[in-house]
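So the structure is just underneath, and the comments pick up after that.
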Amino acid sequence: MSEGKSAMSEGKSAMSGHRKAMSEEGSNVSKNTSSMSELDEQLAQWQSAYKEATPSVDTDSLIKDTKSARFKLKLKGAFDLALGLAVSVWCLTLVLFEPLTTYQLFLFSVLTPIPVAFGIWGYWVRQKQWRAQTLDVQSMLSFKQIQLQQQLHYWKVSLYGCVALWCGLLALAIFNVLMFDTYTLWGAQLLINSVVVFVVYRRYKKLAADLPAALARIDNMK
């Protein structure tokens with residue numbers, strides 16, 4: 001009987017230990033489940049924050065903007081070429097059919113090829129842009145970046161050309177004022193070209209100031 005009581009006591013002790021182990025295992029499972037739930041919640045928060053921080057790309061709007069930009073580039077290229085050709089023809093007409101002094105003849109002869117050369121260069125630069133392949137969103141975004149950079153380069157070269165032309169007109173005006181006392185004509189030409197130089201300068205400075213932010217916005221979309 002004593003041995004039977006001892007065996008029963010050991011059995012109860014074993015059952016108590018088993019229940020304790022089961023309780024600890026259930027506690028661990030509960031803790032693991034809670035940890036997984038917290039991790040899932042944190043991942044969901046990260047995904048939500050990433051979506052909010054990452055701007056969505058409106059593909060249809062981007063395609064429409066790319067097509068519009070290409071059409072404008074074609075128009076601007078044609079306008080540059082036509083305007084340069086017209087100015088060169090005007091200079092050539094003066095050289096061939098107007099009575100000019102030797103100094104004037106030399107100056108207009110030098111100026112004659114410059115406008116048409118600038119027009120051809122502008123057309124070539126814009127042609128490279130509108131022929132760029134844009135088959136996907138990344139290509140279209142890259143096309144937009146190149147367009148902005150080329151636009152700034154174009155206005156920079158235009159500014160240098162306008163300043164050089166203004167300096168040439170200033171030298172011609174000084175010569176004509178001193179030699180022929182013609183103030184009104186050359187003063188008006190200098191004033192008009194000064195306005196042109198100022199407008200081109202303001203356009204170049206604005207594009208230069210806006211370019212970094214515009215490129216950064218496109219980089220964020222990639």
Side-chain angles (χ1 to χ4, degrees), residues 46-88 91 110-171 189-222:
W46 287 347
Q47 290 176 348
S48 178
Y50 175 78
K51 290 179 180 179
E52 292 177 358
T54 305
S56 59
V57 178
D58 188 349
T59 307
D60 293 335
S61 177
L62 186 58
I63 293 173
K64 183 178 179 181
D65 183 63
T66 302
K67 289 181 178 179
S68 176
R70 282 181 167 176
F71 179 72
K72 290 178 181 178
L73 286 172
K74 291 181 180 180
L75 288 181
K76 290 177 181 179
F79 177 78
D80 286 343
L81 185 58
L83 183 61
L85 183 61
V87 175
S88 291
C91 292
V110 172
L111 290 177
T112 296
I114 295 177
V116 69
F118 180 80
I120 293 173
W121 173 81
Y123 183 85
W124 175 73
V125 169
R126 299 185 191 282
Q127 185 186 49
K128 285 202 315 181
Q129 295 180 53
W130 80 60
R131 286 187 174 180
Q133 295 295 322
T134 53
L135 302 177
D136 52 25
V137 173
Q138 293 295 325
S139 297
M140 285 187 285
L141 292 174
S142 298
F143 168 79
K144 189 64 178 178
Q145 284 183 319
I146 294 173
Q147 180 196 5
L148 292 173
Q149 293 169 343
Q150 289 288 349
Q151 185 182 39
L152 180 63
H153 180 65
Y154 172 83
W155 283 98
K156 182 179 181 180
V157 174
S158 298
L159 177 61
Y160 290 160
C162 288
V163 171
L165 181 61
W166 186 88
C167 292
L169 289 173
L170 177 62
Q189 288 189 357
L190 278 176
L191 179 61
I192 294 172
N193 280 277
S194 297
V195 173
V196 172
V197 171
F198 177 75
V199 171
V200 173
Y201 171 77
R202 292 294 300 171
R203 178 64 174 167
Y204 167 72
K205 292 299 290 184
K206 186 178 186 307
L207 290 174
D210 295 342
L211 182 62
L215 294 179
R217 284 195 300 269
I218 295 174
D219 283 333
N220 291 334
M221 294 181 185
K222 289 185 175 182

Reported [atom1]-to-[atom2] distance for the pair [X] and [Y], which is rounded to 0.5 angstrom:
X	Y	atom1	atom2	value
Leu152	Lys205	CG	NZ	10.0 Å
Leu169	Leu191	CG	CG	12.5 Å
Gln151	Tyr204	CD	OH	12.5 Å
Trp121	Ser158	CH2	OG	6.0 Å
Ile146	His153	CD1	NE2	13.5 Å
Lys72	Gln147	NZ	CD	8.5 Å

Q) Within a strict 4.5 Å, meaning less than it, do heavy atoms of the Ile218 and Leu148 side chains meet? A) yes
Q | Side-chain heavy-atom pair Leu111, Leu165 within 4.5 angstrom cut-off | A | yes
Q. What orientation do Tyr154 and Phe118 show, parallel under 30°, tilted 30 to 60°, or perpendicular over 60°?
A. tilted
Of all the heavy-atom pairs spanning [X] and [Y], show the shortest one and how long it is.
X	Y	result
Val197	Cys162	CG2-O, 3.7 Å
Pro115	Val87	CG-CG1, 3.4 Å
Asp80	Gly122	OD2-CA, 4.2 Å

Q.
For a side-chain contact (heavy atoms from CB on, under 4.5 Å) check, start with the C-alpha distance between Gln145 and Asp219, then their side-chain angles and the critical distance, and finish with the verdict.
A. CA-CA 9 Å; Gln145 284 183 319; Asp219 283 333; 2.8 Å; yes
Q | Backbone N/O of Ser88 and side chain of Thr112: donor-acceptor pair under 3.5 Å | A | no
Q: For Trp166, enumerate each residue passing the side chain to side chain donor-acceptor pair (under 3.5 Å) test, keeping only those at least two apart in sequence or located in another chain.
A: Ser194
